[in-house]
Amino acid sequence: MADETQLLDELEKGPWPSYVKEIKRMAKKNAAAKDLLGIQELSYEERVTHWKHGGIVGVTGYGSGVIGRYSDVPEKFPNAAAFHTMRINHPAGWFYTTKSLRKICDIWEKHGSGMTNFHGSTGDIILLGTTTEHLQPCFDTLIEAGFDLGGSGSALRTIAGCVGKARCEWSNIDTLDLVYDLTMEFQDEIHRPRWPYKFKIKASGCPNDCVAAIARADFTIIGTWRDSLRIDQNAVKVYADNGFDVRGLIVDKCPSEALMWDAETKELKLNAEDCVRCMHCINKMPKAIRPGLDTGATILIGGKAPIIKGAYLSWVLVPFMKLEPPYDEMKDLLRKIWDWWDEHGKTRERLAELIERKGLKTFLNDLGIKPVPQMVYKPRANPYVYF
Amino acid sequence: MGRTDIGPPDFREMLPDVIKMNYGKWKYHETPRPGVLRHVSETGDEMFTVRVGSPRLVSIDFIRDICNIADKYCDGHLRFTSRSNIEFLTDTREKTDGVIEEAAKLGLPVGGTGACISNIIHTQGWIHCHSAATDASGLVKSVMDELYEYFTSMKLPAFLRIAVACCINMCGAVHCSDLAIVGIHRKPPKVDNEKVLAQCEIPTTIQSCPTGAIRRHADPNIKSVTVREDLCMYCANCFTVCPAMPLADADGDGVAIYAGGKVSNARKPPMFSRMIVPYLPNNPPRWPEVVDVIKKVVEIYASGAKKYERMGEWIERIGWEKFFKLTEIPFTEQHIDDFTHAVETYRTTTQFKW
């Protein structure tokens with residue numbers, strides 16, 4: 001085999017774990033994986049991809065979850081001529097028992113190439129490479145094992161969130177419960193595409209935003225708090241006594257100058273009204289500073305990558321929303337947004353692009369949301385106003 | 001028909017006992033060594049996490065390997081992070097040593113915590129994608145081999161996130177990373193008139209173009225489209241709706257590099273990454289030109305930034321003019337924006353540096 005993959009063999013060297021080694025491992029016992037390696041080597045020689053546009057393939061009753069993929073060199077690599085992807089909705093927070101993971105491995109050994117992504121960038125488990133005949137039996141067995149497909153195409157994509165209250169002391173909302181609840185509520189929206197384009201929901205428990213919700217989600221949920229952050233002055237003193245530069249590394253870096261340092265008493269004072277809850281002081285003094293107790297989330301809208309009109313970060317829509325099960329306020333808001341997008345959106349127009357085309361003012365009016373200063377950095381500078 | 005719409009497994013079935021007992025009660029955490037976290041609960045319980053790098057594109061045998069570790073030391077539980085690392089969760093410090101030893105046997109690095117370069121988020125590239133302008137897995141492997149020590153240590157000023165997208169669809173949403181490598185095309189689509197007739201809906205294809213470069217074919221007898229090459233900026237949106245308009249080209253394709261993005265709200269608000277290198281050639285299997293730029297920028301940042309300063313914060317402080325000077329990256333006409341909202345990036349002050 002070494003002679004057949006001269007270029008890829010280079011990628012087996014070096015300290016970082018090698019995906020080429022992984023494909024070779026499967027290639028020993030799986031013909032499709034062996035041909036995948038051949039196709040990848042060919043791309044390395046010719047510097048172009050050898051995959052064609054997907055055909056329409058799927059499982060009964062779903063329009064989502066399977067991405068058809070065909071090679072443009074089927075005569076050279078017949079065992080990977082069809083190499084479809086199955087997206088499997090992951091458990092919230094990406095927690096697994098080894099028993100559940102082994103089940104997935106066994107199913108994929110029988111029905112696919114044995115190659116996977118743990119995980120795809122939307123969050124799903126990606127099973128890479130199967131044929132049309134295997135799709136339905138693979139899906140049926142996955143369902144038996146308790147796993148379902150995720151979203152693809154112009155549908156609600158698999159919802160993802162950070163580790164939340166399972167392990168993080170900063171989580172202001174229960175991201176795992178929220179992600180699971182919304183996922184179960186909107187199964188139809190995930191599995192049966194019916195919108196102008198894709199729609200993503202992501203939830204982070206605090207403004208550190210470990211799952212990059214503000215950049216990657218049309219509907220962004222970021223946990224925050226309304227009251228004052230909590231400071232344990234004794235613990236602050238311990239930091240200072242251990243030589244930690246509280247003034248230089250914390251107070252001087254507070255973006256809204258809400259903190260003051262009394263070097264004599266070693267007391268950290270907070271002007272709570274000026275705090276913008278950026279997390280810096282909490283991140284760097286986790287034993288002394290914690291988020292407040294009146295917790296909830298900021299809802300932002302419209303984050304996306306460049307295609308078509310350029311990249312957007314999500315915009316503040318609801319500065320603060322309490323989030324407790326059954327999350328009815330949030331679900332009502334989502335349904336209203338989808339109705340509006342369905343009504344006005346063009347094909348392949350993401351929500352942010354539609355809001356930009358129609359104006360945020362129109363969007364807020366149609367949804368019945370009152371404008372507040374938290375929604376903008378600053379008011380308009382031009383005089384072209386519609387009344 | 002069998003059952004459908006069962007959704008994913010309930011996450012509660014997947015949690016280890018120590019988490020079940022301390023859910024929502026965690027008080028603080030610390031990092032005893034790179035790649036190991038210690039979380040302490042209000043109940044007094046503690047939990048250790050060992051974070052381990054993964055190539056993301058893995059075989060089922062790899063998954064079984066890591067399951068063996070979790071069975072031996074973690075009561076059969078593990079999790080993955082949003083950056084494709086694996087986390088082994090244990091209730092004692094002793095067990096972390098066992099996990100680290102087993103990970104080493106498999107050749108897996110322990111790290112990815114704190115002021116480090118964590119695992120690279122990436123897309124499918126030539127391994128699976130029809131619109132890839134470059135590979136992703138190979139680029140990631142090449143970059144991480146070179147920056148390996150920054151994964152296993154915490155010696156940077158702040159954490160540094162790198163991402164790779166194999167085309168400007170940016171499935172991995174790389175547009176807010178400290179450093180982003182983005183596959184780009186530089187040649188307009190080659191229209192196959194016969195295939196357009198068979199495979200494409202012409203109005204949809206025309207509408208898909210953000211710059212209006214696609215027109216109906218001038219000859220009414222030819223049911224196809226033409227591309228005004230002077231208006232095309234190679235986004236490949238037309239190719240997505242019309243497979244008869246491929247752009248992939250061995251010499252035209254390559255990568256661009258962006259820098260200074262972040263998503264966290266800590267200190268400065270989230271920022272977009274900005275173009276630092278408009279084009280470098282695809283040079284597999286190791287993309288040496290790309291790796292060189294990434295490494296150089298990381299090292300200049302590491303030596304110049306203040307403690308806790310993210311790359312974007314550092315660049316904003318010193319100024320972009322100084323950034324190009326320090327990195328010796330040539331500033332070209334491509335760096336000046338000419339797309340939507342471009343004017344927002346033009347300087348409107350006499351305050352600048354030489």
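Proteins get letters first, then strands, A, B, ... in listed order; numbering begins at 1 in each.
When side chains are defined from C-beta on, B/Tyr23 counts as touching A/Asp174, because their heavy atoms get closer than 4.5 Å. Two residues are said to be in side-chain contact when any heavy atoms from C-beta on lie closer than 4.5 Å; A/His119 and B/Ser84 fail this criterion.
No other option in B/His122, B/Lys25, B/Gln124 has as many heavy-atom pairs under 4.5 Å with chain A as B/Gln124. In terms of non-hydrogen atom pairs under 4.5 Å with chain A, the most contact-rich of B/Phe339, B/Phe151, B/Phe80, B/Phe62 is B/Phe80. Most heavy-atom pairs under 4.5 Å with chain B, from the set A/Pro15, A/Gly14, A/Cys206, A/Gly93: that is A/Pro15. For the set B/Ser54, B/Cys129, B/Gly53, the entry with the most heavy-atom pairs within less than 4.5 Å of chain A is B/Cys129. The most heavy-atom pairs under 4.5 Å with chain A, out of B/Ile19, B/Asp61, B/Ile121, come from B/Asp61. Interface summary for chain A: among B/Ala132, B/Ser137, B/Cys176, the most heavy-atom pairs under 4.5 angstrom belong to B/Ser137. If you tally non-hydrogen atom pairs under 4.5 Å between each of B/Val263, B/Asn282, B/Asn237, B/Val58 and chain A, the highest count goes to B/Val58.
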For side-chain contact (heavy atoms from CB on, under 4.5 Å), just list the numbers for B/Asp10 and A/Tyr180, CA-CA rounded to whole Å, side-chain angles, deciding distance to a tenth of an Å, and then say yes or no.
CA-CA 7 Å; B/Asp10 189 331; A/Tyr180 182 61; 3.6 Å; yes

Could you walk me through whether B/Met14 and A/Leu176 pass the side-chain contact (heavy atoms from CB on, under 4.5 Å) test, one step at a time?
CA-CA 12 Å; B/Met14 303 290 176; A/Leu176 301 195; over 6 Å; no

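To the nearest 0.5 Å, atom OG1 of residue A/Thr116 and atom CD1 of residue B/Ile63 are 4.5 Å apart.
When atom types are taken as modelled, the side chain of A/Arg69 and the backbone of B/His128 share a donor-acceptor pair closer than 3.5 angstrom.
With ring centers used as reference points, A/Tyr19 lies 6.0 Å or more from B/Trp126.
In this pair, A/His53 and B/His130 present their aromatic rings tilted. The plane angle is within the 30 to 60° band.
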